[in-house]
Amino acid sequence: MSENWEAGRLDSDLEGVGFDTLAVRAGQQRTPEGEHGEAMFLTSSYVFRSAADAAARFAGEVPGNVYSRYTNPTVRAFEQRIAALEGAEQAVATASGMAAILAIVMSLCSAGDHVLVSRSVFGSTISLFEKYLKRFGIEVDYPPLADLDAWQAAFKSNTKLLFVESPSNPLAELVDIAALAEIAHARDALLVVDNCFCTPALQQPLKLGADIVMHSATKFIDGQGRGLGGVVAGRKAQMELVVGFLRTAGPTLSPFNAWMFLKGLETLRVRMQAQSAAALELAQWLETQAGIEHVYYAGLPSHPQHELAKRQQSAFGAVVSFEVAGGKEAAWRFIDATRVISITTNLGDTKSTIAHPATTSHGRLSPQERANAGIRDSLIRVAVGLEDIADLKADLARGLAAI
Ligand SMILES: *Cc1c(COP(=O)(O)O)cnc(C)c1O
């Protein structure tokens, strides 16, 4: 019996192994039962051996779990697996992707600080800054994602944090992460990357120079549309502050969802590669169709940042957006004509999804905010899953025939 049979194979055994091995094995701690799959610890609290043990654990003098708002073994396994995949010193899980963004800002910024958020971020991210964080004295500006000169010009003496999504949702714009990290560091600011659309399987922002990477685990990390979660990863110095906020404020991840995400990570790279390949094929096909005015996909040579995407990512992702001739009415007719693809705003699922961003994910933005984000009424977003590509193409052809 190997020495570490009880503990399972520990991170120390995994030194030097590849991404896929980490995705399948990192972070697992085997219990004395010898379970092969990851154990799920559905418990809110933990029993102490004595009053003195309880006091020592609460004081942090003895390691061990106290309460699942602080630590939970299943959640920790997920955190360690993500840290391994992103190349981070530490990762911390959150109840959702939005909770991850909130935790980053609440733990690293104070009233009077200035944050730069790329113009094309997820709709709720803009709402979080505009409706809530501004009320607590956080100043926010929104430079256009790809324009490094605009980022330079947007800095103020109190700029603390830069927040970007690359590629962006739903228009697949990119920013040169390494170049933006240099700009941030020259001004003593931190660069945060929402890596939801690529996942560490296609892009590792920390290795490009970003300080913090975050995810909505709800999307590709789960991969099968089962539950909500998020994660933040980076250096210990910053992660300790994020952990402190989460333990106190409470938007921590449930162990059940952590367990689902552990299983999701095991197939992440294979799914990302297959879904990206299918998305590329559909994007190429859509670009040749009458009735399609524009296709937004960084895998197309017509995309203005195609070369950057090839350099920065190992594939182009599973999300394809396009504009149809005929505005909102035509876009809705296209969507309603599909039979296989699900009409839902979620993405990152094995089931392909189709949505009209202007009236759903970005519907709560003002018309001005929507125009700033480049979301037109004619825009449709498809997140490609794992169905037969011929069936997906036939479904999109039904949509085209309906416009
Ligand atoms: C969905 C999403 C979020 C928010 O995540 P939730 O898990 O829904 O809270 C943040 N960023 C991006 C890019 C997303 O797609």
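Order of appearance sets the numbers: ligands from 1, and atoms from 1 within every ligand. Excluded from the calculations below are hydrogen atoms, water molecules and symmetry mates; all remaining heavy atoms, backbone and side chain alike, are included. Just so it is clear, the model here is predicted, and its values are computed rather than measured.
- Look at Ala99 and you'll find every heavy atom at least 4.0 Å from all atoms of ligand 1.
- Those atoms of ligand 1 that come under 4.0 Å of a heavy atom in Asp194, given as number and element, are 10 (C), 11 (N), 12 (C), 13 (C).
- In summary, the atoms of ligand 1 found under 4.0 Å from a heavy atom of Met98, numbered by their order in the structure, are 4 (C), 5 (O), 6 (P), 9 (O).
- At least one N or O atom of Lys219, backbone or side chain, sits closer than 3.5 Å to an N or O atom of ligand 1.
- With hydrogens left out, the protein atom closest to atom 4 (C) of ligand 1 is Phe122 CE2, 3.4 Å, a heavy atom.
- Within 6.0 Å of CZ on Arg333 lie more than 12 heavy atoms contributed by other residues, nucleotides or ligands.
- Closest protein heavy atom to atom 6 (P) of ligand 1: Gly97 N, 3.3 Å.
- Counting the atoms of ligand 1 from 1 in the order shown, those under 4.0 Å from a heavy atom of Phe197 are 13 (C), 15 (O).
- Close contacts between ligand 1 and Glu165 involve ligand atoms 13 (C) [criterion: under 4.0 Å to a heavy atom].
- In terms of heavy atoms, Leu145 sits closest to Ser118 at CD1-CB, 3.5 Å.
- Between Lys351 and Glu387 there is no salt bridge, since none of the side-chain N atoms of the basic residue sits less than 4.0 Å from a carboxylate O of the acidic one.
- For the pair Lys219 and Phe122, the distance from NZ or CZ to the six-membered ring centre is under 6.0 Å and the angle to the ring normal is within 45 degrees.
- Close approach of ligand 1 to Gly229 (heavy-atom distance below 4.0 Å) involves ligand atoms 7 (O).
- Ring centers of Tyr142 and Phe163: at least 6.0 Å apart, outside the cut-off.
- For atom 8 (O) of ligand 1, the closest heavy atom belonging to the protein is Ser216 OG, 4.1 Å.
- Heavy-atom contacts from other residues, nucleotides or ligands closer than 6.0 Å to NZ of Lys263 number more than 12.
- A salt bridge between Asp113 and Lys160 is present, with a side-chain N of the basic residue lying under 4.0 Å from a carboxylate O of the acidic one.
- Looking only at heavy atoms of the protein, atom 7 (O) of ligand 1 is closest to Thr218 OG1, 2.6 Å.
- The aromatic rings of Tyr70 and Tyr67 sit perpendicular to each other, their planes meeting at more than 60°, with 30° as the lower class boundary.
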